[in-house]
Amino acid sequence: MKSRIIGTGSYTPEKVLTNYDLEKIVDTNHDWIVTRTGIEERHIAAEGEFTSDLAAIAAKRALDAAGLSAEEIDLIVVGTITGDYPWPATACVVQAKLGAKNAYAYDVSAACSGFLFALANADDYLIAGRGKKALVIGAETFSRSLDWTDRNTCVLFGDGAGAVVLEAQDGDAGVLASHLHTDGNHIELLYQPGFGAVYPASAEGLEKRLPYLKMQGNEVYKFAVRMMTEVSKAVLKEQGFRCADVDLFIPHQANIRILEATAKRLKLTDDQCFINVQKYGNTSAATIPIAIDEAQREGRLKEGNLLLLAAFGGGFTWGGTLVRW
Ligand code: ACO
């Protein structure tokens, strides 16, 4: 028995913010952003458009692709760190928007690794026989958690959502293995300090820009490349595969230099790697499911293909997942 992906969907907001648009907001330029990150544009949620809206559209598209109604879903897990509210979970809002009245729903907070953590949760649930069908979603509106006066961070992120429908099926296709990791000793290298229990809401905190993402990019870069490489090797080795066996590598799309450095260490060719960071920037937990959906719609995923997914994010959290398509 395996958890097989039987439908994919994604959604990015209509509004596109190019690097040239950013030049008018902060002291930056298109060439710097492209050279350092590979990002050319990103999508930004409209006023009144929230993470749950993006998630629900992506999920509906995945359900349509699977030929299922929302009522047939038993579980919804949403990977997000930019949810509609501090609580309750955005997954609850998505459940209501979809009318998935037979599903229970919760969020997973694992930053950019959120989708892989959520996927592993749903896989465990299906393999344990507790349900038959699950929706796994990665969704973010990072535009609302960015300090738009900080050029070090605001150029890197975008909004979007991706979703997959998982079904417990007999056969060889489905999730083969997931390796998940956390190292909580480096919180301050990548986090949103406020407003939570440590820094509750205050005017002073707002002045210090506490409710926005803070990052030490150089340090994050080194960890990301090392951990995504190590976890990819480990999950392949456990399942008896080599890098050459991978048909498509879909890494978390943080920036092109992290992706290229990781692919190089894994000795993967360009043809083995899926890259779309130029169009969306870093959409955190949404990058991998958006990429899976694009790869599927572009015909790059054939039955029997071996798919390697790898992510790294705040926490730090990281993971590697192997899927037989
Ligand atoms: N435009 C122009 N100049 C800029 C910008 C900008 N947007 N941002 C920073 N600079 C300047 C800096 O101020 C610095 O100037 P200085 O030398 O006068 O001080 C100079 O560019 C170089 O800055 P660095 O931080 O050293 O640049 P670096 O080459 O490290 O690139 C980057 C920065 C792109 C953030 C890189 O560190 C990186 O990719 N880190 C990974 C971070 C990441 O992707 N995080 C996402 C979340 S985690 C994840 O998803 C894996």
Side-chain angles (χ1 to χ4, degrees), residues 3 5-16 42-123 125-126 130-146 157-167 280 283-294 296-297:
S3 308
I5 296 175
I6 59 162
T8 67
S10 62
Y11 172 74
T12 48
E14 247 174 64
K15 184 181 171 188
V16 172
R42 69 287 291 144
H43 293 242
I44 303 291
E47 215 182 308
E49 193 176 36
F50 306 112
T51 299
S52 64
D53 296 310
L54 278 51
I57 297 172
K60 180 74 176 66
R61 290 177 178 173
L63 286 168
D64 288 347
L68 295 179
S69 73
E71 286 167 19
E72 291 174 88
I73 295 297
D74 304 310
L75 170 71
I76 299 173
V77 192
V78 178
T80 188
I81 49 167
T82 55
D84 290 17
Y85 308 104
W87 62 273
T90 297
C92 301
V93 188
V94 174
Q95 187 250 18
K97 284 184 176 163
L98 290 174
K101 61 181 186 199
N102 298 311
Y104 76 92
Y106 60 89
D107 288 354
V108 164
S109 172
C112 300
S113 310
F115 178 76
L116 292 193
F117 278 49
L119 185 67
N121 262 212
D123 177 36
Y125 162 88
L126 293 177
R130 301 191 56 204
K132 287 256 176 272
K133 296 180 183 75
L135 250 176
V136 184
I137 304 169
E140 307 278 11
T141 45
F142 240 104
S143 60
R144 306 234 165 78
S145 304
L146 292 173
F157 296 87
D159 301 337
V164 302
V165 179
L166 283 184
E167 182 177 43
Y280 306 117
T283 57
S284 183
T287 69
I288 289 179
I290 290 174
I292 293 174
D293 184 48
E294 281 200 349
Q296 158 72 1
R297 286 168 203 275

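Below, each value reflects all heavy atoms present in this structure, side chains not excepted, and no hydrogens, waters or symmetry copies.
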Asker: Check salt bridge (charged side-chain N to carboxylate O under 4.0 Å, His left out) between Arg144 and all other residues, then give those that pass, not counting sequence neighbours.
Answerer: none
Asker: Any side-chain heavy-atom pair from Pro13 and Glu49 closer than 4.5 angstrom?
Answerer: yes
Asker: Which atom pair, heavy atoms only, marks the closest approach of Ala59 to Leu98?
Answerer: CB-CD1, 3.8 Å
Asker: Would you name the heavy atoms of Ala111 and Ala285 that are closest together and state the gap between them?
Answerer: O-CB, 3.7 Å
Asker: How long is the gap from CG on Leu119 to CD1 on Ile292, to the nearest 0.5 Å?
Answerer: 7.0 Å
Asker: Working to the nearest 0.5 Å, report the span between CD1 of Ile81 and OG of Ser284.
Answerer: 4.0 Å
Asker: Are Tyr106 and Gln95 close enough that some pair of their side-chain heavy atoms sits under 4.5 Å apart?
Answerer: no
Asker: Heavy atoms, side chains only, cut-off 4.5 Å: are Ile290 and Tyr280 in contact?
Answerer: yes
Asker: Are any non-hydrogen side-chain atoms of Val78 and Val108 less than 4.5 angstrom apart?
Answerer: no
Asker: Is there a side chain to side chain contact (heavy atoms under 4.5 Å, CB included) between Leu54 and Thr141 once you walk through the steps?
Answerer: CA-CA 8 Å; Leu54 278 51; Thr141 45; 3.9 Å; yes
Asker: Are the side chains of Tyr11 and Arg61 in contact, using a 4.5 Å heavy-atom criterion?
Answerer: yes
Asker: Carefully, step by step, assess Glu140 and Thr82 under the rule side chain to side chain donor-acceptor pair (under 3.5 Å).
Answerer: CA-CA 5 Å; Glu140 307 278 11; Thr82 55; 2.5 Å; yes
Asker: Identify the two heavy atoms, one from Ala55 and one from Ala139, that lie closest to each other, and give their separation to 0.1 Å.
Answerer: CB-CB, 3.7 Å
Asker: Give, for atom NZ of Lys133 and atom CD1 of Ile73, the distance between the pair rounded to the nearest 0.5 Å.
Answerer: 7.5 Å
Asker: Quick one: salt bridge (charged side-chain N to carboxylate O under 4.0 Å, His left out) pairs with a partner in residues 76-99, sequence neighbours left out?
Answerer: Asp53-Lys97
Asker: Might you point out which heavy atoms bring Ala65 and Gly7 nearest each other, and give the distance in Å?
Answerer: CB-CA, 4.1 Å
Asker: If the condition is salt bridge (charged side-chain N to carboxylate O under 4.0 Å, His left out), which residues does Asp293 pass it with, not counting sequence neighbours?
Answerer: Arg297
Asker: At their closest point, which heavy atom of Ala163 faces which heavy atom of Pro289, and how far apart are they?
Answerer: N-CB, 3.8 Å
Asker: What's the separation between atom CZ in Phe115 and atom CD1 in Ile137, rounded to the nearest 0.5 Å?
Answerer: 9.5 Å
Asker: Could you tell me the separation between the CG atom of Asp159 and the NE2 atom of His43, rounded to the nearest 0.5 Å?
Answerer: 10.0 Å
Asker: State, to 0.1 Å, how close Gly138 and Ala286 come at their nearest heavy-atom pair, and which atoms those are.
Answerer: O-CB, 3.4 Å
Asker: Please test Val165 against Leu63 for side chain to side chain contact (heavy atoms under 4.5 Å, CB included), starting from the C-alpha separation and ending with a verdict.
Answerer: CA-CA 7 Å; Val165 179; Leu63 286 168; 4.1 Å; yes
Asker: Just so I know, are the side chains of Asp107 and Trp87 near enough to count as touching, which here means a heavy-atom distance under 4.5 Å?
Answerer: no
Asker: Might you work through the side chain to side chain contact (heavy atoms under 4.5 Å, CB included) test for Val16 and Ile44, ending with a clear yes or no?
Answerer: CA-CA 6 Å; Val16 172; Ile44 303 291; over 6 Å; no
Asker: Could you walk me through whether Ile76 and Tyr104 satisfy the side chain to side chain contact (heavy atoms under 4.5 Å, CB included) test, starting with their C-alpha distance in whole Å, then the side-chain angles of each, then the deciding distance to 0.1 Å, before giving a yes or no?
Answerer: CA-CA 6 Å; Ile76 299 173; Tyr104 76 92; over 6 Å; no
Asker: Please report the interatomic distance CZ(Arg42) to CZ(Phe142), rounded to the nearest 0.5 Å.
Answerer: 14.0 Å
Asker: Taking the side chain as everything from C-beta on, heavy atoms only, tell me whether Leu166 gets closer than 4.5 Å to Ile6.
Answerer: no
